[in-house]
Amino acid sequence: MIPRARKIRTGLRRSPLSKPRRRPPPQPKRPTPALNALKSAAAEDPSAALHHLLSSSNADYPACASLLYRLARARLFPELDALLLFIRSRRIPCSNSLFSALICHFSLASLPHKALHLFYSIPSFNCSQGSPSLHTFNHLLDALVSNGCHDESRCLLDRCSEFGLRANHVSYNVVMKGRLSRDGYDGALQVFDQMHKRGVSPSVVTYNMLIGAAGRNGELSKAMGLKEEMVKKGIYPNAVTYAILMKGFCSSGKYVAAKKLMFDMEYQGCKTQVVNFGVLMSDCGRRSDFDEMKALLAEMRLRKMKPDDVIYSILINYLCENGRMDEAYKVLVEMQVKEGCKPSAAVYRMMVDGFCKVEEFEKGLGILNAMLVSGHCPRLETFGSLISGLVNGGRMEEVCFVLEEMVKRKLGLDLEEWHSLVDTACGKCNGSGELFSQLTSMVFVGGDEG
DNA sequence: GTAGGGTTAG
């Protein structure tokens, strides 16, 4: 498991086929000390990098954009606001894709109104198109819908002409997703009708959402009927459509029918993809049918399909849930060696939690180490269960290692967790003062624990 | 950009 530095997205990558641009003025060969300071600060602390940038004279788009992304990822929103004000006042040119990316970050941080505010302020920036693009608009709709602002999203959809935009199928699909989550199938159907009245054609995604809703309601013939309807309209089901249908069958306990559909789809002119196997694998996992899971993997190999990281994470997840940690570990190694799949944070989490569950805390610690080295950060709960396990086993050196890693990541235990940790440690070692002081010397890092 | 197997998000 080789650690790899995470790439910083600058939004500046150009295709080799894109037109050559005017050559920029020659740059000095050696970076200035100020630039060096900025670079090293940016590598460590985006907030420090901001202060350097605001006081530097050569703040250009690349520097600003990469710092904006870093601040957004670190969720340092006050700093991000300051940088946006700076970019606006300096008339630094910026692209619509930058605004889209920031809107997505605001959405993930549950700040839909911040996303809305940024969208409205786009014309005040030196933005390449001068106004928001349909892409940016659709991202904003999604930010609202994903955060439960259904009425705002519908309102905005009706007002798109004010921004010089014409809503497309994606805009309606996003709003339909919102209605589906709030009002179910019938609500979604209202958006579907509205779409039709306004002359926007449904897409395969539109139908996939309706089919999914029908399947979740257990209305399998309705789901199949929708598939026929789309074909009649010349909208062709894709592998995702079949995956959604198969999932419907599985959730009604019809695994065999789902599997048959996976074979039938090929005859209906749609190539089976990994996602279709994923549906079957998950259903087998829920029923702890590991033999069938193995058979599915063999079938994939027979078809020369490469199991991806998700397929492996399904398998590992259920092996861990069933306490079959030796097998899970084998699969973890196999996915990396045989397929070159990099385990995701989720897979590492499953493995650490799985080892904790069977009380093999040292093996859990080994996985945690690999996880940290590969640049993933465990959840607080994962850290917690590992620590309490190690404390129970009296492995204080390891506990301190884990606590130090938490401190590095500004993760803190709350007061209650500290109490239980200290209680356990003292209980284990008859109130050993040394252990107690080792533990309490760790800094409180949550900020307001007192 | 929106749907989809795993999920902490990407």
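Below, chains carry the letters A, B, ... as their sequence lines are ordered, and counting in each starts from 1.
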So, are A/Asp283 and A/Lys259 salt-bridged, with charged N and O less than 4.0 Å apart?
->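 No.
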What nucleic acid atoms does A/Leu280 come within less than 4.0 Å of, heavy atoms only: base, sugar-phosphate, or nothing?
->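 Contact class for A/Leu280: none.
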For A/His139, report the nucleic acid contact type (base, sugar-phosphate, nothing); a contact means any heavy atom under 4.0 Å.
->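 Counting heavy atoms under 4.0 Å across all strands, the contact made by A/His139 is with sugar-phosphate only.
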Rounded distance in Å between the P positions of B/dG1 and B/dT7 =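 About 24 Å, rounded to a whole number of Å.
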Pairwise P distance for B/dT2 and B/dA9, with rounding to whole Å |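 Result for the P pair: 15 Å, nearest Å.
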Residues which pass side chain to side chain donor-acceptor pair (under 3.5 Å) with [X], listed by chain and number, not counting sequence neighbours:
X: A/Gln273; value: none
X: A/Ser385; value: none
X: A/Ser100; value: A/Thr136

Counterpart residues, ring pair (Phe, Tyr, Trp, His ring centres under 6.0 Å), relative to A/Phe125 (two or more places apart) |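 Ring pair (Phe, Tyr, Trp, His ring centres under 6.0 Å) list for A/Phe125, sorted by chain: A/Phe99.
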Which residues pass the ring pair (Phe, Tyr, Trp, His ring centres under 6.0 Å) test with A/Phe355, sequence neighbours left out?
->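 Applying ring pair (Phe, Tyr, Trp, His ring centres under 6.0 Å) to A/Phe355 gives none.
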Its contact letters, B for base, S for sugar-phosphate only and - for none at protein heavy atoms under 4.0 Å, make nucleotides 3-9 of chain B read BBBBSBB
Can you check the A/Leu140 CG to B/dT2 P distance for me, whole Å?
->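 That distance rounds to 14 Å.
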